[in-house]
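Please read all numbers here as calculations on a predicted model, not as lab measurements.
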Amino acid sequence: MLRITAAQLNYTIGDLAGNAALMIDAARKAAADEADLVVFSEMSLTAYYPADLLEEEGFMDRVEAAFQALLAASRQMPALHWAVGLPARREGAGKKLRNVLRVIRGGEVLLEYAKQLLPTYNIFDERRHFEPGPDVARVLRIRDAQVGLLICEDGWNDEGRDYLVNPFERMRDAAPDLVVSINASPSNIGKREQRHQIFSAASRRNGLPILYVNQVGGHDQLVYDGASFAVEPQAGVVYEARRFAEDVSTLCFDNGRFLTPAGKAPPPVAPQGLPALEFYRQQIVLGLRDYARRCGFSQAVVGSSGGIDSALTLALAVEALGAENVVGITMPSSFSSEGSVSDSEALCRNLGVPLKHHAIAGIVSQFTQGFESALSSELRGVALENLQARVRGTILMEYSNSFGHLLLTTGNKSEISVGYCTLYGDTNGGLGLIGDLYKTEVFALSRHMNQTAGREIIPQGIIDKEPSAELAPGQRDVDSLPPYPVLDQILKLLIEGPRLAQDEYQEARKFVDTLRAQPSGEALVERIRGMVARNEYKRRQSPPIVRVRARAFGSGRQMPIAAKLS
C-alpha cells in the first residue's frame with residue numbers, strides 16, 4: 001500500500017523562501033501521516049506563473065538556492081519522497097529553461113521529468129520561456145508501486161486534438177500502477193467539470209488511476225481553485241480536495257484504488273460543482289483577498305454611486321476583507337438623483353461600512369468655468385459627462401493615496417466591452433472585481449448575495465433601479481445601449497463564442513441568429529461589434545479584473561488597438 005499526501009497550497013509568485021517554507025511544513029505533515037510521497041503542484045517553488053521574472057538577473061540563482069533548502073529539509077525526513085515543481089536551467093539550443101518535476105528523497109534528486117506540452121493560448125504563454133521536454137515517460141518505483149509522472153498540459157491531450165504528441169501514449173506503454181499529475185490549472189466557470197471529464201476519459205482509455213494535484217489562490221487576474229482530485233478507470237472521480245482553500249490530505253493507494261488512511265472509500269464526489277452564482281462569489285472573494293494581501297493592502301475604497309455595480313463591488317469587498325476594512329465614498333453631482341445618496345447610505349448601513357460624502361458640483365463648475373475662460377469654448381456633451389467621472393476618479397485616488405486603501409473599480413463586462421466607461425474616471429483603480437461579469441450577471445449575483453445572507457444586504461431599490469450613469473439630465477443606459485439582456489447575448493457570442501458552455505453558446509447563437517434575420521437586428525449586432533473593437537484602447541489602460549469566465553479581457557483576449565474592422 002502506498003500512502004500519498006496531496007499538498008494543495010496557496011503560493012506567492014516569486015516568494016521562493018515563503019513557498020519553500022509552505023512546502024516544508026506540508027512535508028512534515030505528510031511525514032507525520034507516515035506518507036511515502038508528498039505531491040506539490042506545478043512550479044510550486046516559484047508559484048505559477050512567474051512570467052518574465054524568469055528572465056530577471058539572479059532569479060534562477062534564487063530558485064536553485066530555494067531548491068537546495070528543500071533538499072536539506074528532505075534529509076530530515078529520509079523515508080519521504082517529494083514531487084516538486086520548478087523551473088530548471090538547461091544547455092543547448094532553444095530556450096534556456098524547462099518546466100520540470102523533480103522527485104527528491106533524503107537530500108537527493110531521484111528523477112527529473114520535463115513538461116512536454118507547453119500551452120501558448122488564452123492566458124498561457126509558456127513557450128515564451130521554456131523548451132519542451134523529450135517525448136519519454138518517467139516512472140519511479142516507490143514502495144511496491146510504479147508511479148508515473150506528468151505535468152498539467154501533458155495530461156490534456158489524450159484525444160490528440162491540440163498537439164502532435166500525446167504523453168499518455170508513452171505513459172501507457174510504461175505501464176505504471178498510478179499516474180501523478182502536478183498542475184497549475186486556473187479556475188473559470190465550468191473548469192472543474194472539464195478537468196473531471198478529460199482526466200476521467202484519459203484514465204478509462206489508458207487504464208491508469210490518476211492523482212491530480214492543483215495549486216490554489218489568486219494571482220493578479222487569475223484565481224486557482226485547488227479542487228485536486230483522484231480518478232480511477234472504472235469509477236471515475238473518487239476523491240476531491242477542498243475548493244478555494246488550502247488542503248493537505250493523505251490518501252492510500254492499494255490495488256488500483258484510492259482509499260482513506262482508515263482503508264475506506266473516500267466520500268462520494270458530486271458530479272456538479274458550485275452553482276454559477278456561488279462560484280462567481282467565491283472566486284472573486286478569493287481573488288481580491290489574495291491580490292490585496294500580496295500587494296500590501298489591508299483596506300479598500302469604493303466609489304458608491306447608488307447603482308448596482310458599486311453596490312455589488314462593496315458587498316464582495318466586505319466579504320473578502322471585512323466591513324472594518326472597507327470604505328464607500330458618495331460623490332453626488334448636480335445630475336445625481338436623490339437615490340444615488342440615500343441608496344448608498346442604506347447599502348453601507350446594511351454592510352456596516354462607513355460612507356464618506358464628497359459632493360463634486362462645485363469642483364465641476366470650477367473646471368467648466370476655467371475651460372471656457374481659457375479656451376473660449378463651452379464644455380458640454382460627452383466632455384462634460386466625462387469630466388464628472390474624472391473628478392470622481394481623482395477624489396477616489398486622493399483617498400487611496402492619503403489613507404493607503406486599494407481602490408476597486410466597478411465596471412462590469414458589458415460596459416467594459418462597449419466602452420461605456422471613462423478613462424481616468426470610473427476606470428481608475430487597482431483591481432476590478434466584476435469586470436468579467438455581464439450586467440445581467442451583476443443583477444443575478446446581487447440577488448444571490450441577499451438570498452444567501454437571508455437578509456437585504458443590497459437594497460431592493462438598487463436592484464430595481466433603472467441603470468444610469470447620471471452624468472446628464474434624465475440619462476439612462478438604454479439611451480446609448482440596447483437593453484442589457486439583448487446586449488449581453490450579443491457580447492457573449494462576439495467575445496467568448498465557442499468557449500462558452502455548450503448550452504450558453506447555443507442560447508446566444510440562436511438569439512443572435514434571430515436578430516440577424518432582421519435588417520435592424522443585423523445593424524445592431526454590427527454596431528456592437530464596432531463598439532467592442534473601437535474600445536480596445538480603454539481596456540488596455542484599465543486595471544486588471546478578476547477572471548471568472550473562459551475568455552476574459554486582459555491576457556486571455558489579445559487584440560490590436562490600431563486595426564481596421566472589416
Side-chain angles (χ1 to χ4, degrees), residues 188-189 221 223 276-277 279-281 283-285 287-288 300 302-317 320 340 343 347 389 392-393 396 407-423 425-449 458 462-471 475-496 500 504 508 528 531-532 535-536 538-539 541-554 556-557:
N188 56 258
I189 189 71
Q221 183 179 13
V223 178
L277 295 174
F279 166 80
Y280 291 152
R281 175 182 180 169
Q283 176 114 334
I284 292 169
V285 165
L288 169 57
V302 179
S304 182
S305 68
I308 191 73
D309 296 326
S310 59
L312 179 58
T313 299
L314 273 163
L316 291 165
S340 68
D343 288 342
L347 169 71
R392 289 181 173 124
L396 291 166
L407 173 57
L408 301 176
T409 190
T410 59
N412 61 69
K413 191 167 188 171
S414 305
E415 295 170 352
I416 294 170
S417 297
V418 296
Y420 199 64
C421 51
T422 302
L423 268 183
D426 56 333
T427 58
N428 279 2
L431 184 69
L433 303 192
I434 61 171
D436 204 24
L437 294 179
Y438 295 101
K439 187 78 170 190
T440 48
E441 294 177 317
V442 169
F443 281 103
L445 183 53
S446 297
R447 289 189 288 267
H448 175 74
M449 297 284 283
I458 299 175
I462 291 179
I463 295 174
D464 294 339
K465 186 187 302 183
E466 184 172 13
S468 170
E470 294 193 344
L471 298 175
Q475 187 179 52
R476 303 177 305 162
D477 288 7
V478 291
D479 296 333
S480 305
L481 303 171
Y484 284 112
V486 175
L487 176 63
D488 288 356
Q489 293 288 7
I490 298 171
L491 291 174
K492 285 179 182 181
L493 195 65
L494 294 179
I495 296 168
E496 299 182 65
L500 295 165
E504 197 175 17
I528 299 304
M531 293 174 75
V532 173
N535 285 285
E536 179 62 28
K538 288 188 179 181
R539 294 187 289 271
Q541 299 178 67
S542 296
I545 60 176
V546 178
R547 175 181 179 267
V548 298
R549 300 181 67 89
R551 196 181 198 196
F553 292 126
R557 185 181 186 271

Intermediate values then yes/no, side chain to side chain contact (heavy atoms under 4.5 Å, CB included), I528 and L491: CA-CA 8 Å; I528 299 304; L491 291 174; 3.7 Å; yes
Please step through side chain to side chain contact (heavy atoms under 4.5 Å, CB included) for the pair L316 and I434, ending with a clear verdict. CA-CA 9 Å; L316 291 165; I434 61 171; 4.0 Å; yes
Any ion pair linking E536 and R557 (charged N to carboxylate O, less than 4.0 Å)? yes
Using a strict cut-off of less than 4.0 Å between a Lys/Arg side-chain nitrogen and an Asp/Glu carboxylate oxygen, indicate whether D309 and K439 qualify as a salt bridge. yes
Does [X] use its side chain to pair, donor to acceptor, with the backbone of [Y] at less than 3.5 Å?
| X | Y | value |
| --- | --- | --- |
| N535 | K538 | no |
| K492 | E504 | no |
| D436 | R549 | yes |
| R551 | I495 | yes |
| R281 | I284 | no |

Approximate separation, where rounding is to 0.5 Å, of [X] [atom1] and [Y] [atom2]:
| X | Y | atom1 | atom2 | result |
| --- | --- | --- | --- | --- |
| R447 | L445 | CZ | CG | 10.0 Å |
| D488 | K413 | CG | NZ | 10.0 Å |
| L481 | L487 | CG | CG | 6.0 Å |
| L312 | E441 | CG | CD | 11.0 Å |
| S417 | Y438 | OG | OH | 6.0 Å |
| F279 | N188 | CZ | CG | 6.0 Å |

Compare every heavy atom of [Y] with every heavy atom of [X], then report the nearest pair and how far apart it is.
| X | Y | answer |
| --- | --- | --- |
| L493 | A508 | CD2-O, 4.3 Å |
| L288 | A320 | CD2-CB, 3.7 Å |
| F553 | I416 | CD1-CG2, 3.8 Å |
| S310 | V302 | O-CG1, 4.1 Å |

Can you sort out the partners of D426 under side-chain hydrogen bond (donor to acceptor under 3.5 Å, both in side chains), two or more places apart, ordered by chain and number?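 Partners of D426 under the side-chain hydrogen bond (donor to acceptor under 3.5 Å, both in side chains) test: none.
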Determine whether the side chains of S542 and T427 contain a donor N or O and an acceptor N or O closer than 3.5 Å.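 Their side chains do not contain a donor-acceptor pair, so the 3.5 Å distance test is not met.
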4.5 Å side-chain heavy-atom contact, V223 and R547: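 They are not in contact (no side-chain heavy atoms under 4.5 Å apart), so the answer is no.
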Residues at least two apart in sequence or cross-chain that pass side-chain contact (heavy atoms from CB on, under 4.5 Å) with P543, listed by chain then number, are T409
